[in-house]
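First up is the structure itself, then whatever we jot down about it.
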Amino acid sequence: MLVANGLECLRGERRLFRDLGFELEPGMLLEVQGANGSGKTSLLRMLCGLLAPTAGEILWNGADIGSLGEAYRGELAYLGHQNAIKDDLTAVENLLVSETLAEAAVTRASAREALARLGLRGHEELPTRVLSQGQKRRAALARLLFRERCRLWVLDEPFVALDAQAVRDVAGIIAGQLGGGGIVIFTTHQEVPVEAPRRVALRLGR
Amino acid sequence: MSAPAPLAAFACVLRRDLLLALRRRSDLATTLFFFVIVVSLFPLGVGPEANLLRTMAPGVVWVAALLASMLALGRLFAGDYADGTLEQLVLAPHPLGLLVGAKVAAHWLVTGLPLVVLAPLLGLAFDLGPRALGVLALTLLLGTPTLGLVGAIGAALTLGLRGAGALLSLLVLPLYIPVLIFGAGAVEAVANGLGPGAHLSVLGALLALAVFFAPWAAAVALRISLE
Amino acid sequence: MNLFYYAAPHTFYPLAGTMARVFYALAVVLGAIGLYIGFFVAPTDAQQGEGYRIIFIHVPTAWMSMFLYVVMAFWAAVGLAFNTRLSAMMAQAIAPTGAWMTFLALWTGALWGKPMWGTWWVWDARLTSELILLFLYLGFMALQAAIDDPRRADRAGAVLAIVGVVNVPIIYFSVQWWNTLHQGASVSLTRSPSMATTMLWGMLVMALAFWMYCLGATLTRVRAIILERERRSDWARDLARGAKAGREAAA
């Protein structure tokens with residue numbers, strides 16, 4: 001269970017939000033909305049522990065995420081604004097590296113299969129430099145297929161640059177994770193048909 | 001597959017960075033050419049007098065090695081920072097110091113080790129004796145990893161800043177001074193017919209200190225810079 | 001009394017003002033006494049003549065330069081460990097004074113070197129260490145200046161200061177080694193055999209005077225930093241409004 005209490009975010013001189021709180025139970029989806037610069041990415045990075053809140057606390061199963069450290073990071077799958085894939089490596093190599101680091105059971109075959117599920121069949125062994133924006137995003141999203149055991153997914157604009165088919169694929173993956181009792185948090189600018197019985201929306205900025 | 005998780009993570013980052021370096025070979029050559037050019041500038045600056053050059057050689061080669069490894073530091077974290085992989089490293093369920101250590105190790109293998117191999121050749125051009133050449137390579141072997149480890153702290157602190165390159169040199173070069181003194185000192189001692197043992201021991205001690213503390217300090221600095 | 005009451009910037013601000021005035025006054029008094037001892041009481045040195053009198057500036061500034069670096073690293077570490085804003089501001093405020101003391105020590109060392117050695121600069125172990133210390137101060141200040149976000153600046157500066165303070169003994173030791181190996185000149189101002197007790201007293205009083213000056217200067221600077229960082233807060237705005245009203249009333 002993820003609980004945020006009284007979060008405040010200061011970036012330089014600007015206060016992006018204050019006194020923000022929520023509670024997410026297993027199977028819940030949190031959709032963070034707001035205009036550009038309203039602090040969506042900052043909030044997500046706070047929830048990952050990349051950014052320390054200027055006030056407030058974030059608790060995972062009752063313990064502060066800062067004190068949990070590696071134990072919390074093992075429960076977490078984060079997809080940032082950037083794809084975090086290396087241009088000089090192939091999609092398969094990227095997946096092998098990131099999932100080995102995340103301690104997921106990954107092999108070359110399972111990596112190829114995951115990429116194929118996201119519509120990258122035939123592109124697995126190309127340097128990701130030559131892929132389009134949408135294809136790169138898919139290569140990054142393929143990581144999620146190895147992170148079912150992660151109880152918390154934090155996704156920053158997962159649907160950006162994706163075509164209609166890929167949006168449906170990713171929405172399906174997210175719905176599956178929610179069905180399995182995972183917590184998913186994402187930001188988006190578009191209407192996305194994610195099937196989520198327990199959905200919460202959070203609007204930042206005014 | 002059966003390696004313990006921290007070791008597997010270390011090996012994974014090491015292999016990834018080596019693979020990336022292999023696919024960007026031109027970057028490696030730059031550092032090496034820089035080293036060679038700086039060393040070759042000195043005879044042009046002070047004249048070709050053999051005795052003078054022989055006395056200067058240890059200092060010249062070491063200063064050039066210092067500058068070359070500092071120049072290479074800019075690439076240590078910058079690429080991972082730009083494409084977001086650094087965030088993923090920080091969020092991996094492993095001690096960040098360990099992963100930083102792997103990155104520094106890979107960085108040293110591709111930028112530091114070539115200097116060690118090349119230095120005796122350059123020493124020949126300065127008319128150093130065979131024993132001095134051997135000690136020169138040995139001091140670089142012990143000293144350049146320390147430079148990379150200490151430099152990683154500076155590279156992490158200046159990540160993403162305007163004018164990071166010049167700032168990095170201001171932060172890191174003063175910290176390099178002990179390595180310079182003992183590295184060049186050992187070669188000089190041999191050239192003067194003394195034993196290099198004490199110098200080498202100190203270089204080893206500095207390396208041990210750096211291995212134990214620098215990765216953690218760099219990890220703290222990385223977290224600060226990523227906020 | 002709550003010890004942490006004054007740890008909040010807006011409560012520390014007025015206290016720092018009062019303390020700075022007291023320390024400046026002490027610095028003037030002690031400085032006058034110290035200079036009097038230095039110039040009129042202390043005897044002329046048998047070997048070094050009148051030129052040696054520069055030690056009354058040189059030695060205290062050299063002491064302060066090293067001491068301030070440790071104090072700066074201490075406050076930086078406290079700020080990093082406990083996330084206290086005021087500690088980080090103290091570290092930031094100490095750095096320019098520390099750099100100034102280092103510069104003075106180098107400058108007076110050079111001035112002393114000219115009549116004694118016939119050259120402005122000798123690669124003596126102390127002078128060289130002092131020069132490296134100046135680089136460390138400048139690096140700290142440059143890093144903080146390059147970072148826009150004050151929170152990151154504080155924390156990055158703290159890491160650098162801690163790394164620096166761990167390295168200072170190593171650097172000092174290696175420069176000593178380097179110097180003895182090369183049998184370089186040694187500018188030992190304090191190890192003169194004929195060091196009279198009055199000289200020692202003069203030096204101690206001057207060291208105290210410099211200490212008080214450094215405290216005053218740091219506190220004055222920390223007040224400026226507090227005001228700058230808190231300029232959006234109510235109390236800082238009230239203060240500015242009060243100052244403006246005062247100026248208008250005077251006009």
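Computed from heavy atoms alone, side chains included, the values below leave out hydrogens, waters and symmetry copies. Naming: A, B, ... by sequence-line order, numbering from 1 per chain.
- Remark: B/Leu206 CG to C/Ser174 OG distance equals 7.5 Å, nearest 0.5 Å.
- Heavy atoms of C/Val175 lying under 4.5 Å from chain B belong to its backbone as well as its side chain.
- Taking CG from C/Leu131 and CD1 from B/Ile177, the interatomic distance works out to 8.0 Å, rounded to the nearest 0.5 Å.
- The CZ atom of B/Arg162 lies 10.0 Å from the CD1 atom of C/Ile147; values are rounded to the nearest 0.5 Å.
- For C/Leu80, the part lying near chain B is the side chain, with the backbone staying farther off; criterion is any non-hydrogen pair under 4.5 Å.
- Between the CG atom of C/Asp154 and the CD1 atom of B/Ile224 there is a distance of 10.0 Å, given to the nearest 0.5 Å.
- For the atom pair CG (C/Asp149) and OG (B/Ser225), the distance works out to 11.0 Å, reported to the nearest 0.5 Å.
- Per-residue heavy-atom pair counts under 4.5 Å with chain C were compared for B/Leu173, B/Leu170, B/Leu157, B/Thr158, and the maximum is reached by B/Leu157.
- Screening C/Ile170, C/Ile132, C/Asn167 against B/Leu175 for a side-chain contact (heavy atoms from CB on, under 4.5 Å) leaves a single residue, C/Asn167.
- Taking 4.0 Å as the cut-off between side-chain N and carboxylate O, C/Arg152 and B/Glu227 do not count as a salt-bridged pair.
- The closest side-chain heavy-atom distance from B/Phe182 to C/Trp177 is below 4.5 Å.
- The shortest non-hydrogen separation linking B/Ala221 to C/Val159 is CB-CG1, 4.4 Å.
- Minimum heavy-atom separation, C/Ile171 to B/Pro174: CD1-O, 3.7 Å.
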